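Per chain, numbering begins at 1; letters A, B, ... match sequence-line order. Note that the structure is predicted; figures quoted are calculated from it, not measured.
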2 protein chains.
Amino acid sequence: MLGLMQLSIGQVAERTGLSVHALRFYEKEGILAHQVHRGPGGRRVYTQQDVDWLRMCIMLRMSGMPVPEIRRYTELVRQGDGNELQRLDILKEHQERVRQQMVQLQDCMDLITHKVGIYQDYVNSIAAKAIGQ
Amino acid sequence: MLGLMQLSIGQVAERTGLSVHALRFYEKEGILAHQVHRGPGGRRVYTQQDVDWLRMCIMLRMSGMPVPEIRRYTELVRQGDGNELQRLDILKEHQERVRQQMVQLQDCMDLITHKVGIYQDYVNSIAAKAIGQ
DNA sequence: CTAGGAACTAGAGTCGTCTCTAGGTCAAGA
DNA sequence: TCTTGACCTAGAGACGACTCTAGTTCCTAG
C-alpha cells in the first residue's frame, strides 16, 4: 500500500517542509537514495520511501552534515550491501560532531542564562524602586 | 593591572581564536563594545576588556546569533544605562532559539544513535560469522 | 640599507545552501 | 479557446560570514 503511493514534487514539499526548489536541488546534488521515477510529461513521481529518506537527510542537514557528505553516504547506500562499515564510520563521525556541537551549545546557553539572570535581577530591582516611590 | 594590558591585533587573534581578518571585520561590523584605541602608526590596541567582550560575541555567534543582532546588542551596551530591558529581550529571544536548537539537535542525535546502533549490530554479526568460519 | 614581519586600508573573492528567473510544456476547467 | 496552475530545465542571484589580495607604512635586526 505505502509503497504504491505516488507523490508529486509539490506534495513532497508539503510533507517534508522543503521547498520545491530545494527538492530539485537535492536531487541534482545526488542525495536521493535512488533515481526519482518520472511520470507523464517528465514529472517527478516520489514514493513514501523517498519521503522517508528525505526526512532523514533533513535531520542530517539540520545537525550540520554538509551536502557532499550526505551524498557520500547516499552513494554507499545506493551501492548496496557490503559497505556497512563505511556507512557506520560516516555516521559515527557525524555523531561525534553533533555531540561536540551540543556541548558547545550548552556552554553558550550557560553564559546566556547567566547574563539573562543578571539583567532580570537588575530590571526587577528598577521596577521595584519605581513602585516603591 | 589587567585594565592596562595592551594587545596587538595578532595577540588578540591568538587568544580569541579569531583570525586577524575576522577581528577587523567584526570591528567594521560594529560589534566591539567601544572604539578600539589606536597606537602609533594607526595600529589597533586592544585591552583585556575588548578580549572579554569578543569572547562573549564568539559565544553568541557560535550559538547562531547573526552579526546584525550582535550589533544591535552592542549598540545598546554602548548607549549606556537605561535600555536594560531591551538588552534582556534580545538575550531572552536568543536563549529561546538556542533552546529550540538544542531540542532539534537532540532529535537528530537520537536518530543518528539509533542508526549507529543498527549498523553496529549488523557489522558485529558479520564479524562474528567471519570468525566462526 | 635592506630584508622581514606585522600592521594598515579598501575592496574583491569564496563557500555553502539554497532561491529565484526565464522560458517552456501540459492538462483541466470556464 | 483561453487561462490557470503545477511542473520542467538551465543557469543566475542572494545571503551570511568570513577570507584574501594589493599596495602601503612602519619598526627592528643583520
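- For the pair Arg24(B) and dT9(C), the criterion of a side-chain N or O lying under 4.0 Å from OP1 or OP2 is not met.
- Per the geometry, CD1 belonging to Ile58(B) stands 14 Å off P belonging to dA17(D), to the nearest Å.
- Close to dA7(C), at under 4.0 Å from its OP1 or OP2, lies no side-chain N or O of Arg38(B).
- Between the P atom of dG16(D) and the CD atom of Glu69(B) lies a distance of 13 Å, rounded to the nearest Å.
- The Ala22(A) side chain lies nearest to dC18(C) when the options are dC18(C), dC18(D), dA7(C).
- Considering only side-chain N and O atoms, Ser8(B) lies nowhere under 4.0 angstrom from the phosphate OP1 or OP2 of dA6(C).
- The distance from atom CD1 of Ile31(B) to atom P of dG16(D) is 14 Å, rounded to the nearest whole Å.
- Between Lys28(A) atom NZ and dC20(C) atom C1' there is a gap of 12 Å when expressed in whole angstrom units.
- Both Phe25(A) and Gly41(A) lie near DNA chain C, and the one whose nearest nucleotide falls closer to the 5' end is Phe25(A).
- Residue Met62(A) contributes atom CE, which lies 16 Å from atom C1' of dT17(C) at whole-angstrom precision.
- In this structure, of dT17(C), dC18(D), dG11(C), it is dC18(D) that holds the atom nearest to the side chain of Arg61(B).
- Between the P atom of dT17(C) and the CG atom of Leu23(A) lies a distance of 16 Å, rounded to the nearest Å.
- Nucleotide dT17(C) holds its P atom 18 Å from the CD atom of Glu27(A), rounded to whole Å.
- Remark: Tyr26(A) is not in phosphate contact with dT17(C), judged by side-chain N or O atoms under 4.0 Å from OP1 or OP2.
- In the set dC8(C), dT21(C), dT19(D), the nucleotide with an atom closest to the side chain of His21(A) is dT21(C).
- Using a 4.0 Å cut-off between charged nitrogen and carboxylate oxygen, Glu29(A) and Arg61(A) do not count as a salt-bridge pair.
- As a whole-Å value, the separation of Leu54(B) CG from dA17(D) P is 16 Å.
- The phosphate of dT9(D) has OP1 or OP2 within less than 4.0 Å of a side-chain N or O from Arg44(A).
- In this structure, Pro66(B) reaches the sugar-phosphate backbone alone: every heavy-atom distance under 4.0 Å involves primed, P, OP1 or OP2 atoms, never a base.
- Contacts of Val67(A) with the nucleic acid, taken as non-hydrogen atoms under 4.0 Å apart, involve only primed sugar atoms and P, OP1 or OP2.
- Judged by distance alone with a 3.5 Å cut-off, a donor-acceptor contact links the side chain of Arg43(B) to the base of dA6(C).
- In this structure, Arg78(A) contributes its side chain and Leu32(A) its backbone to a donor-acceptor pair below 3.5 Å.
- Scanning both residues, Lys115(A) and Leu91(B), for their nearest heavy atoms gives CB-CD1, 4.0 Å.
- Looking at heavy-atom distances under 4.0 Å, Pro40(B) makes no contact with the nucleic acid at all.
- Using a 4.0 Å cut-off between a side-chain N of Lys or Arg and a carboxylate O of Asp or Glu, Glu93(A) and Arg72(A) do not qualify as a salt bridge.
- Side-chain atoms of Gln100(A) and Glu96(A) include a donor-acceptor pair closer than 3.5 Å.
- Comparing Leu18(B) and Gly10(A) along DNA chain D, the residue whose closest nucleotide (by nearest heavy atom) sits nearer the 5' end is Gly10(A).
- Aromatic ring orientation, Trp53(B) versus Tyr73(B): parallel (interplanar angle below 30°, classes split at 30° and 60°).
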